[in-house]
Number of protein chains: 2
Amino acid sequence: MADVLDPRPDVRRRRKAERPQEILDAAFHEFSRNGYATTTLERIAERAGVTKGTIYVYFDSKEHLFISMVREFTKAARDTVQQMFESHDGSTADLLRAQFAFIYQHLVEDRRRREVLRMLIAEAPRFPELADRYHQEILRPCLDMLRQAIRRGVDRGEIRASAIVDSPQVVIAPIALVDLWLMLFDERQPLDVKAYFDAHLELVLNGLLAK
Amino acid sequence: MADVLDPRPDVRRRRKAERPQEILDAAFHEFSRNGYATTTLERIAERAGVTKGTIYVYFDSKEHLFISMVREFTKAARDTVQQMFESHDGSTADLLRAQFAFIYQHLVEDRRRREVLRMLIAEAPRFPELADRYHQEILRPCLDMLRQAIRRGVDRGEIRASAIVDSPQVVIAPIALVDLWLMLFDERQPLDVKAYFDAHLELVLNGLLAK
DNA sequence: AGTTATTGACTGACCGGATAGTAAATAATA
DNA sequence: TATTATTTACTATCCGGTCAGTCAATAACT
């Protein structure tokens, strides 16, 4: 008789526990390479090392699999954003510098996040709720944090009061352009991200800081 | 046998001359609403007021129709960009103000251009040459013009020399964000474009101009 | 322990519907 | 009647989704 507390690895159960993630990973690769409609479940199954039937054990439909996959990979980016809130204090200029450096390092260089973004854009007319989720979990927190930082800077007299306080999007817009650029051109039209980062920082600091 | 030089208006030929454009228009609407793979030639034909067979008289394949459609609608945006070059002279600040106003009015508010952009992003892995064409005909001319304007401003002493001169993308990046925002959220997450435009202009002018 | 029964993750053949592409027939025009 | 733009009917293929069946792992039993 088996001990109730026996933690011995149960092959069958472990398989079942890992399958969904394996399928989601495979789905991410195939969907991001070929788009929603073009991707076949057969190919996803092949990549995951199972057959199509198995996918239906864990997911109701192709649509449900896609939604689950996007949610899964949005979650990863959200965790990265949450890390950002643990940033250091100091002058507003230093704070912005540090956070922008973080953003460029973790968000811009994260191809996975960008591929999710591509799918969201492509499928936004069909799956608007996924885009809204991205707004709620990634974009809005970033913008709220930024707005807060700018307001505090204004209160401290470090930042000049301006229309920018109410449109913090303009401050991080250059990051959106990098995403757009890389989604469209990948490496074919090179973008010197290092120089671009410096220019971004300079524009924002010159544009915001009180003289 | 028809007279070779006969210039008489031939109804049949006029029809034939207009069909391709009618089909391209219909293709744009259907492709932009449903994406490449999901759109059926039957629906495009229906919208164009013909049947599927007719499409094959003018276009080799679905793929060729898609490529032709994107080229056609990129051309329209390119014409708009070329208009921009006829801008007035004056102080660099005035020039930027005028050109940004033009961009927001003609590019941001042009849903068609944005739908093309969505398709380019969605299909970039499959049709990279279309994205490159967009770069060549739309993006690069804008950036060249901007770089030129900034350089001239620096020469005149109106603009401070900075890293921004070599990364003019950061200056128009807020426009890219509007595109991204509207592609993702349409009207669901509202963006006050008027206020945003003011903030953009303020950031850029404060960021660039010599004090 | 050895044998048998049961479970359940997984398979793979199959179905129905959809659709890109073709080509013969037809309608419109001159 | 001759030409040609267009339609109609058709084929071949692909793919999402289903389901009866398989087999290895486990539990029950002697």
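Each chain gets a letter, A, B and so on, in the order the sequences are listed, and its residues count up from 1.
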Exercise for review: Fit a plane to each ring of A:Phe73 and A:Phe28, take the angle between them on a 0 to 90° scale, and name the class: parallel (under 30°), tilted (30 to 60°) or perpendicular (over 60°).
Suggested key: parallel

Check your understanding: In B/S/- notation, 5' to 3', how is nucleotides 12-18 of chain D contacted by protein heavy atoms closer than 4.0 Å?
Key -> ---SBBB

Review point. When you check the gap from the basic side-chain N to the acidic O, do A:Asp132 and A:Arg140 get nearer than 4.0 Å?
Key: no

**Study point:** Rounded distance (Å) that lies between atom C1' of C:dT19 and atom CD1 of B:Ile55
**Key:** 12 Å

Check your understanding: Which whole-number value in Å describes the distance from B:Phe31 CZ to C:dA20 C1'?
Key -> 12 Å

Review point. Rounded to whole angstroms, how far apart are OH on B:Tyr58 and P on C:dG21?
Key: 18 Å

**Study point:** SB check B:Asp79 B:Lys75 (cutoff 4.0 Å)
**Key:** no

Review point. Quick one: is D:dT6 close enough that its OP1 or OP2 comes under 4.0 Å of any side-chain N or O from B:Arg19?
Key: yes

Review point. In whole Å, what is the span from the CZ atom of B:Phe59 to the C1' atom of C:dT22?
Key: 18 Å

Check your understanding: Do B:Lys194's NZ or CZ and the ring of B:Tyr104 fall within the cation-pi criteria of under 6.0 Å and 45°?
Key -> no

Exercise for review: Mind calculating the distance between CD1 (B:Ile23) and C1' (D:dT7) to the nearest angstrom?
Suggested key: 13 Å

**Study point:** B:Arg19 to B:Tyr58 six-membered ring, cation-pi geometry met (6.0 Å, 45°)
**Key:** no

**Study point:** B:Glu30 CD - C:dT19 P separation (whole Å)
**Key:** 12 Å

Practice item. Using atom CD of A:Glu18 as one end and atom C1' of C:dA9 as the other, report the distance to the nearest whole Å. Key: 14 Å

Practice item. Using the side chain to side chain contact (heavy atoms under 4.5 Å, CB included) rule, take B:Tyr134 and B:Arg113 through it: C-alpha gap first, then chi angles, then the decisive distance, then the call. Key: CA-CA 11 Å; B:Tyr134 191 82; B:Arg113 196 199 99 268; 3.1 Å; yes

Point to revise | N/O (side chain, B:Thr51) to phosphate O (OP1/OP2, D:dT7) under 4.0 Å | key: yes

